[in-house]
Amino acid sequence: MGPAHIESLSRRPPAAFPSLCAYICMLPALNSPAAGDPPWEKHVIHSGFPTQTAVAADFDRDGHTDVIASCGGKVRLFQGPAWAETVVYTFPSNRINCIHSETMDVDGDGDIDYLGSHSKGPVFWLENPDKTLSQGWNYHVIDDQFSGIHCLLAGDVDLDGKQDLIVNNFVAQGPLANSIAWFEIPRNARSPDAAWKRHVFAVNDAPGGNHYMGLGDIDGDGLPDITCGAKGTPFLNGNWFAWWKNPGRAGTPWNKSVVSRNETGATNLIPADLNGDGSMDLLASRGHGSGVLWFQGSGTEWTAREMDADLEGPHCLAAADLDSDGDIDGATCGKDSKLVMWYQNDGAGNFTNHRIGENQAAYDIRAVDIDGDSDLDLLIAGQQSANVVWFENPLK
């Protein structure tokens with residue numbers, strides 16, 4: 001995909017349905033398993049603690065994909081493929097957990113480090129040591145001024161060939177209220193006085209519970225722009241999808257363009273060319289409401305196309321080529337519907353919906369090759385399911 005942070009949901013009250021089972025049975029047929037669909041096998045990595053974020057990489061450099069998850073007051077590394085657990089960091093309280101996380105080689109030493117934040121900050125990174133499984137991971141603060149954090153996203157914002165970190169702040173008070181920024185890695189990142197250069201590009205310009213960001217060239221000018229969705233209640237002026245234009249020069253304002261308003265519970269907006277026309281489209285979800293959709297457009301005008309209007313709580317979203325056919329598909333898991341879905345793109349933006357799991361909730365999802373067979377599997381951090389699982393891709 002934080003400390004026991006339960007957000008208000010834009011959904012119908014439980015009394016509207018006699019039971020979750022009854023609700024699932026009312027979902028339309030398009031969310032039912034299609035005849036002949038190959039099964040995605042579910043593998044449990046960890047269970048017992050609500051988990052809001054999990055990331056995957058070969059942290060110990062043994063050739064196998066590992067998983068790091070933050071839960072139960074600890075940052076836990078699960079060594080693939082057997083998933084033996086090593087605690088790499090312990091928070092001061094078991095109520096503190098990361099709400100989101102990222103990976104990158106922060107210090108340039110050739111191994112992958114862990115970046116995280118709980119919802120009240122600070123943003124930090126854990127230094128992967130030479131002996132990943134037997135040495136402590138040093139804790140470094142990236143920024144202690146942002147709070148209300150919901151997303152960390154790695155990407156090269158300024159096209160200098162180095163990874164940057166994009167971070168949001170959806171707190172409605174203070175000088176950085178309702179803002180989004182990107183940070184440059186300092187040269188000596190391990191130094192106690194290392195300072196990550198902060199660039200606030202959405203200055204008090206992302207109200208209403210801004211959630212998850214995306215990075216991509218929306219307008220075709222060669223520069224990566226930044227997208228975001230805002231969920232709405234209990235914050236004011238939310239329920240929107242929008243993007244900010246990268247001006248390409250430091251100190252120049254980033255202009256905001258709204259893609260769509262009145263999108264109850266908006267959370268994710270991911271740039272991708274979904275119909276193969278060479279222009280960037282946007283894959284989206286209303287993670288604190290209902291529905292997965294995509295926007296067809298050219299950067300100025302957008303046409304919404306619903307893919308799965310009834311899935312409740314698609315808080316997480318992945319855009320990736322899941323069937324290895326050269327186009328971008330989608331995947332999510334409804335934290336309220338507790339259904340795992342992938343959306344098969346025919347290359348022209350026509351999607352077929354496939355249910356691949358049930359009775360699994362999620363807060364975070366990543367498309368990553370877990371088993372080393374060169375296709376993308378789905379890694380899920382289950383908040384309400386209190387687990388970390390992966391679904392094995394059978395499509396190659």
Side-chain angles (χ1 to χ4, degrees), residues 1-5 49-57 59-60 66-78 86-109 111-130 132-133 135-155 157 162-171 174 176 179-200 210-213 363-364 366 381 388:
M1 216 154 96
H5 179 68
F49 292 105
T51 309
Q52 295 180 123
T53 184
V55 291
F59 294 102
D60 60 359
D66 312 303
V67 169
I68 291 184
S70 171
C71 54
K74 303 178 187 296
V75 179
R76 307 165 190 266
L77 186 153
F78 301 95
T86 299
V87 174
V88 299
Y89 185 76
T90 301
F91 291 107
S93 166
N94 62 8
R95 293 190 175 186
I96 299 176
N97 296 292
C98 292
I99 195 167
H100 209 232
S101 56
E102 251 300 1
T103 62
M104 67 169 76
D105 182 3
V106 174
D107 50 6
D109 65 352
D111 58 31
I112 303 300
D113 306 300
Y114 177 84
L115 300 88
S117 178
H118 57 89
S119 63
K120 295 182 180 179
V123 187
F124 67 90
W125 71 281
L126 298 180
E127 178 188 339
N128 188 346
D130 292 336
T132 298
L133 302 177
Q135 292 179 297
W137 290 45
N138 291 330
Y139 176 99
H140 304 270
V141 173
I142 294 173
D143 188 271
D144 60 2
Q145 299 302 304
F146 264 46
S147 57
I149 296 157
H150 212 296
C151 179
L152 304 181
L153 179 64
V157 177
K162 301 175 183 178
Q163 290 284 82
D164 306 302
L165 184 68
I166 307 167
V167 184
N168 63 349
N169 176 11
F170 66 27
V171 167
L176 296 174
S179 298
I180 310 175
W182 66 277
F183 294 80
E184 294 181 65
I185 301 176
R187 287 187 178 181
N188 300 310
R190 297 179 184 173
S191 172
D193 58 355
W196 292 58
K197 188 173 182 180
R198 183 206 300 153
H199 304 267
V200 184
N210 59 73
H211 251 52
Y212 293 107
M213 285 84 71
Y363 212 75
D364 191 11
R366 312 283 172 131
V388 180

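This chain uses plain numbering: 1 for the first residue, then up along the sequence. Since we're looking at a predicted model, the values are computed, not measured.
- For Ser191, the side chain to side chain donor-acceptor pair (under 3.5 Å) partners two or more places apart in sequence, or in a different chain, are Asp193.
- Put simply, the side chain of Thr132 gets close to the backbone of Phe59: a donor and an acceptor are under 3.5 Å apart.
- Here the side chain of Asn97 pairs no donor or acceptor atom with the backbone of His118 at under 3.5 angstrom.
- Tyr89 pairs by the ring-ring contact (aromatic ring centres under 6.0 Å, His included) definition with Phe91, Tyr139, not counting sequence neighbours.
- Between Ile185 and Met104, the closest side-chain pair of non-hydrogen atoms falls below 4.5 Å.
- Residue Asn188 places its CG atom among 12 or fewer non-hydrogen atoms of other residues, nucleotides or ligands, all under 6.0 Å distant.
- Residues Val106 and Glu127 are not in side-chain contact: their nearest non-hydrogen atoms beyond the backbone lie 4.5 Å or more apart.
- Not counting sequence neighbours, Asp113 has no partner by the side chain to side chain donor-acceptor pair (under 3.5 Å) test.
- Relative orientation of the His150 and Tyr363 rings is parallel, given thresholds of 30° and 60° on the angle between their planes.
- Here Ala181 pairs with Phe146, Phe183, Arg198, Val200 under the side chain to side chain contact (heavy atoms under 4.5 Å, CB included) rule; sequence neighbours left out.
- The side chain to side chain contact (heavy atoms under 4.5 Å, CB included) check on Lys162 picks up Asp160, with sequence neighbours excluded.
- In terms of the side chain to side chain contact (heavy atoms under 4.5 Å, CB included) criterion, residue partners of Asp144 (sequence neighbours excluded) are, by chain and number, Pro122, Val141.
- For the pair Gln135 (side chain) and Pro129 (backbone), a donor-acceptor distance under 3.5 Å is absent.
- A donor-acceptor pair is defined here as one N or O able to donate and one able to accept, closer than 3.5 Å; such a pair exists between the side chain of Asn168 and the backbone of His211.
- Partners of Asp164 by salt bridge (Lys or Arg N to Asp or Glu O under 4.0 Å), not counting sequence neighbours: none found.
- Not counting sequence neighbours, Asn169 has no partner by the side chain to side chain donor-acceptor pair (under 3.5 Å) test.
- Qualifying side chain to side chain donor-acceptor pair (under 3.5 Å) partners for Asp107, counting only residues two or more places apart in sequence or in other chains: Arg190.
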